[in-house]
Amino acid sequence: MIKVTIDDVEIEVAPGTTILNAARQAGGDLVPPAMCYYSKLPGTGGKCRTCLVEVAAGSTADPRPMPKLVASCSTPVMDGMIVKNKTSERVHTNRGGVVEFLLVNHPLDCPICDQAGECHLQDLGYEHGSAKTRYREERRTFSPIDIGNKIKLHMNRCILCYRCVAVANQLTDSRVHGVMHRGEHAEISTYIENAIDNDFSGNMIDVCPVGALTDKTFRFKSRVWFLKPYEAECACNKCSGKAVVWMFGNEIFRVTARKDKYGEVETIEDKTAWICNDCRFDKKDPSNWTLIGPRKIDRHSVISQGKYATKNDNNPKLLR
Amino acid sequence: MKADHPQAVNEAPIEFSANTMAEMNRVIGLFPEGKQKSAILSVLHLVQDEFGWVSVGAMNRVAQILGIQPIEVYEVATFYTMFHLDPVGKNVLEVCRTGPCQLVGSDDLITYIEEKLDIKVGETTKDGMFTLKTVECLGACGYGPMLMCKYQFYERLNKEKVNEMLDAMREASNS
Amino acid sequence: MSRKLLIEHAEVPGITSFETYRKHGGYASVEKALKTMSPEEVVEEVKKSGLRGRGGAGFPTGMKWSFLAKPEGVERHLVCNADESEPGTFKDRYLMEKLPHLLIEGMITSSYALGARRSYIYIRGEFMYVLRILEKAIAEAYANGMLGKNILGSGYDLDLVVTPGGGAYICGEETALLESLEGKRGNPRMKPPFPAVKGLWGNPTVVNNVESIAAVVPIVNEGGEAYAKIGIERSTGTKLISASGNLVRPGVYEIELGLSVEEFIYGDNYCRGVANGKKLKACIPGGSSVPILPHYLVTKTAAGTDRLMTYESLADGGFASGSMLGSGGFIVFDEDQCIVRNTWNFARFYAHESCGQCSPCREGTGWMEKVL
């Protein structure tokens with residue numbers, strides 16, 4: 001085991017652990033946010049740069065600070081490393097910069113976006129964003145398209161985290177969508193008119209940190225905060241059948257996988273509990289499910305926080 | 001800025017000429033067994049050499065040849081800017097527009113060709129003879145202004161040289 | 001006039017053929033290394049030479065080589081980065097076009113030092129005609145027993161392949177180059193693991209610039225110490241400089257590091273001053289990625305000392321009043337040029353060439369272009 005200090009908290013982790021995962025092991029509010037890294041999908045991370053942290057000392061052997069901020073999701077810890085996240089002014093400033101970049105071409109159409117209320121970019125904007133924009137130039141726009149009859153792609157909202165590409169590579173038998181073009185013109189696309197048709201393709205919606213991929217069976221039906229989530233299970237021969245059903249009265253509006261406090265699909269019985277498209281899109285009758293009990297919603301949701309309603313008044317920083 | 005790339009229509013794989021196929025097999029054979037995908041850029045260049053551009057049908061055939069998913073070919077072909085994904089003229093003039101060439105007059109060169117051929121950058125002449133494109137640095141900075149056509153570099157260009165070059169290309173394409 | 005270690009024979013008629021190249025002393029380093037030296041001894045000579053990577057970063061080549069992991073039973077590779085695409089840089093093209101066998105010779109000697117048996121030259125797709133020249137030269141090298149099985153009876157086998165890119169500046173970055181060489185989009189990889197541990201197809205790999213690999217030839221022939229005597233401080237040996245912009249005589253020059261910038265711009269043996277009798281306005285000394293120097297900081301540093309063509313002197317003053325040697329892409333601006341316009345031009349270049357993987361670059365380069 002090796003020792004690492006993150007925001008004055010000392011913890012011991014296994015060699016090879018990344019700074020981000022070490023921070024998650026420590027828990028609490030010293031954990032950097034992550035928009036592209038997804039611990040359940042190997043190979044993700046290193047792209048969005050929101051998890052940047054300052055390394056004040058590289059290791060006991062070489063205690064020099066690292067000159068640049070590093071992506072905590074892809075930098076392994078060293079014995080004696082000292083990391084600063086929330087205690088670093090540089091991190092705060094730079095993360096604000098990254099959020100600004102992510103919002104440059106983002107449409108901010110939250111009022112009509114199904115992801116609103118459980119969107120990681122909203123959380124990030126709330127915590128690190130500025131109330132004003134410096135971007136005066138024209139935004140890049142795409143038209144929304146259907147990729148299959150159950151999933152809608154709003155490329156305008158996409159932050160190119162590549163998570164959905166990893167889902168297609170790792171959960172489905174053949175990938176038909178990917179990232180086309182490059183730079184500012186890079187886009188998630190099937191290139192040719194093509195439907196993503198696979199039993200597990202719906203998980204792309206769950207891993208999407210923003211509202212780029214949304215569930216067509218739920219689109220515009222309700223705001224997520226009007227629904228009550230319940231842990232539920234069903235007998236399914238394709239997946240674990242362990243899900244969360246989102247209800248209004250006796251009606252099931254949508255079905256998602258069970259997600260942890262980092263917005264990642266939970267591990268249940270040593271397996272990541274991805275759910276299949278049948279459970280997600282087709283089982284909307286309460287008789288399909290056995291309800292276990294109310295699902296506690298974690299930090300990535302306005303439902304459990306109320307911060308958007310109250311914090312504004314006594315947090316003048318928001319009006320930076 | 002509308003960045004839409006409309007979804008292309010899927011097409012059945014098309015066949016390549018015997019020469020192209022032979023050359024493809026040679027470049028694929030340069031890589032160890034199981035690493036055929038490494039030849040994809042060589043193969044796409046060969047496709048473009050045969051047809052002038054890279055169509056969906058051609059990419060689907062490339063996927064079959066390399067034993068990969070079509071999407072892997074689309075991703076690569078759209079990333080690298082040398083591949084034309086739409087039909088182009090017989091001679092694609094790719095003028096370098098980057099800093100060092102700009103210092104020695106690439107802007108004037110582009111304007112001159114636009115006027116001479118009566119097309120704008122990105123367009124093709126009505127007779128399908130020329131397409132004018134601008135590209136980033138071609139690594140000929142000391143010999144600018146310059147352009148590339150069919151992998152050939154035309155350097156230190158001025159109006160007279162452009163006139164001669166266009167005439168020679170027209171003649172070569174007509175014969 | 002400086003000594004030329006690399007391009008002395010560049011203008012010899014027929015030097016692209018194996019026979020002529022051999023007559024002018026070509027492939028001597030292969031003979032010397034394979035017949036009289038162990039791979040470790042070759043690495044040692046390169047370390048002694050102080051050679052620093054000629055692609056732009058200036059990392060010591062010998063040190064890079066010594067980082068190469070050598071696990072039992074795992075293949076290793078040497079990959080030559082011939083994706084030359086830094087605006088202002090065209091030296092590698094010159095070297096490969098004029099002296100294809102010099103690069104091949106360097107590849108053989110370097111691959112031997114690293115224990116690589118399958119090496120690759122990744123050349124930018126726009127240099128297809130140079131690729132053809134290299135292909136022909138490689139075929140000649142095979143025919144003359146310099147490549148293939150049991151080279152010169154030493155028991156060492158090497159296969160060398162040259163393969164094109166498809167038009168992407170980012171593929172000059174070594175991990176993006178490896179992705180591209182694997183037939184993928186040129187998105188740089190996360191590091192660690194570094195290529196020296198996991199590179200091409202997951203095998204330990206060294207990626208070196210064309211000029212670095214070519215420089216191994218004189219280093220092995222004359223010894224690392226002799227090479228280190230050329231130049232000053234930690235800038236040893238000779239360097240190819242690509243001179244472009246508003247100069248009387250732009251082109252590729254081989255200089256001994258330590259030459260004064262003044263001599264390089266105005267000297268009779270070099271660029272012969274600013275074109276059309278105009279005055280110097282600014283200079284980018286190391287390719288478009290390095291800071292631009294206003295005219296009063298080109299030939300003198302902020303401290304008033306002579307500015308020299310070395311890694312150290314060009315960087316004197318940091319980003320505030322210095323720049324970098326970079327890839328040696330020396331771009332000169334005359335008094336009529338608009339710096340804002342040129343900065344916009346380069347901003348457009350970086351926006352066009354961003355791979356789009358990381359958000360600050362993807363969104364930031366596009367924004368910069370629009371702002372300017």
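To find a chain, count down the sequence lines: A is the first, B the second, and so on, and within it residues start at 1.
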#### Entry: chain B contact via C:Ile331 - which portion, at a heavy-atom distance below 4.5 Å
side chain
### Message
For B:Ser38 versus C:Glu182, what's the shortest heavy-atom pair and its separation?
### Response
OG-CA, 3.4 Å
### Task
Please flag which part of C:Glu135 lies under 4.5 Å from any non-hydrogen atom of chain B: side chain, backbone, both or neither.
side chain
### Task
Any chance you could measure C:Asn345, atom CG, to B:Ser106, atom OG, to the nearest 0.5 Å?
7.0 Å
### Summary
Applied to residues 91-112 of chain B, the salt bridge (Lys or Arg N to Asp or Glu O under 4.0 Å) test, sequence neighbours excluded, yields B:Arg97-B:Glu136, B:Asp107-C:Arg341
### Task
For each of C:Gly251, C:Ala275, C:Gly329, C:Gly183, tally heavy-atom pairs with chain B at distances under 4.5 Å, and name the one with the top tally.
C:Gly183
### Task
Show the numbers, then the answer: is there a side chain to side chain contact (heavy atoms under 4.5 Å, CB included) between C:Ser244 and B:Tyr143?
CA-CA 8 Å; C:Ser244 67; B:Tyr143 321 112; over 6 Å; no
### Query
Can you say whether C:Leu247 sits under 4.5 Å from chain B via the side chain, the backbone, both, or neither, judging by heavy atoms?
neither
#### Entry: Heavy atoms from other residues, nucleotides or ligands near CG of B:Asp118 exceed 12 (cutoff 6.0 Å)
no
### Query
Can you say whether C:Thr89 sits under 4.5 Å from chain B via the side chain, the backbone, both, or neither, judging by heavy atoms?
backbone
### Query
What residue in C:Met128, C:Arg132, C:Glu86, C:Arg249 has the most heavy-atom pairs under 4.5 Å with chain B?
C:Met128
### Message
By the definition side chain to side chain contact (heavy atoms under 4.5 Å, CB included), identify the one residue from C:Leu160, C:Thr163, C:Val161 that meets it with B:Leu30.
### Response
C:Val161
### Query
Under 6.0 Å between ring centres, would you say that holds for C:Phe127 and B:Tyr151?
no
### Query
Side chain, backbone, both or neither: which part of C:Cys355 has an atom under 4.5 Å from a heavy atom of chain B?
both
### Message
Salt bridge check, C:Glu75 against B:Lys35: does any charged N sit closer than 4.0 Å to a carboxylate O?
### Response
no
### Summary
Turns out that what part of B:Ile40 lies under 4.5 Å from chain C's heavy atoms comes down to side chain
### Summary
Of the listed C:Lys91, C:His352, C:Glu84, the one with the largest count of heavy-atom pairs under 4.5 Å with chain B is C:His352
#### Entry: Separation of C:Glu126 CD from B:Cys96 SG (nearest 0.5 Å)
10.0 Å
#### Entry: C:Tyr350 portion near chain B, given a 4.5 angstrom heavy-atom threshold
neither
### Task
Name the option with the most non-hydrogen atom pairs under 4.5 Å to chain B; the candidates are C:Ser242, C:Ser180, C:Ala168, C:Ala243.
C:Ser180
### Message
I'd like to check B:Tyr80 versus C:Cys171 (side-chain heavy atoms, cut-off strictly below 4.5 Å). Are they in contact?
### Response
yes
### Task
Please test B:Thr81 against C:Tyr169 for side chain to side chain contact (heavy atoms under 4.5 Å, CB included), starting from the C-alpha separation and ending with a verdict.
CA-CA 10 Å; B:Thr81 48; C:Tyr169 168 74; over 6 Å; no
### Query
Any side-chain heavy atom of C:Asn187 within less than 4.5 Å of one from B:Phe79?
yes
### Task
Given side chain to side chain contact (heavy atoms under 4.5 Å, CB included), test B:Cys137 with C:Phe349 step by step and report yes or no.
CA-CA 8 Å; B:Cys137 188; C:Phe349 172 83; 4.2 Å; yes
### Task
Check the pair B:Phe153, C:Tyr129 against ring pair (Phe, Tyr, Trp, His ring centres under 6.0 Å), reporting the backbone distance first and the verdict last.
CA-CA 9 Å; B:Phe153 282 25; C:Tyr129 78 98; 5.6 Å; yes
### Message
What part of C:Tyr94 gets within 4.5 angstrom of chain B, counting heavy atoms only: side chain, backbone, both, or neither?
### Response
side chain
### Message
Test: salt bridge (Lys or Arg N to Asp or Glu O under 4.0 Å). Region: residues 58-74 of chain B. Which pairs qualify, not counting sequence neighbours?
### Response
B:Glu15-B:Arg61, B:Lys37-B:Glu72
#### Entry: Side chain / backbone / both / neither for C:Arg348 at chain B, heavy atoms under 4.5 Å
both
### Message
Which label fits C:Trp201 and B:Phe31: parallel for a plane angle under 30°, tilted from 30 to 60°, or perpendicular past 60°?
### Response
perpendicular
### Query
What pair of heavy atoms forms the shortest contact from C:Pro164 to B:Ser42, and how long is it?
CD-OG, 3.1 Å
#### Entry: Nearest non-hydrogen partners of B:His45 and C:Gly165, listed with the distance
NE2-O, 2.8 Å
### Task
Before giving the answer on side chain to side chain contact (heavy atoms under 4.5 Å, CB included), spell out for C:Arg185 and B:Thr78 the whole-Å C-alpha distance, their side-chain angles and the decisive distance to 0.1 Å.
CA-CA 9 Å; C:Arg185 295 162 63 82; B:Thr78 58; 4.0 Å; yes
### Message
So for C:Tyr120, is it side chain, backbone, both, or neither that comes closer than 4.5 Å to the heavy atoms of chain B?
### Response
side chain
### Query
Once you round to the nearest 0.5 Å, how far does CH2 of C:Trp344 lie from CD of B:Gln102?
7.0 Å
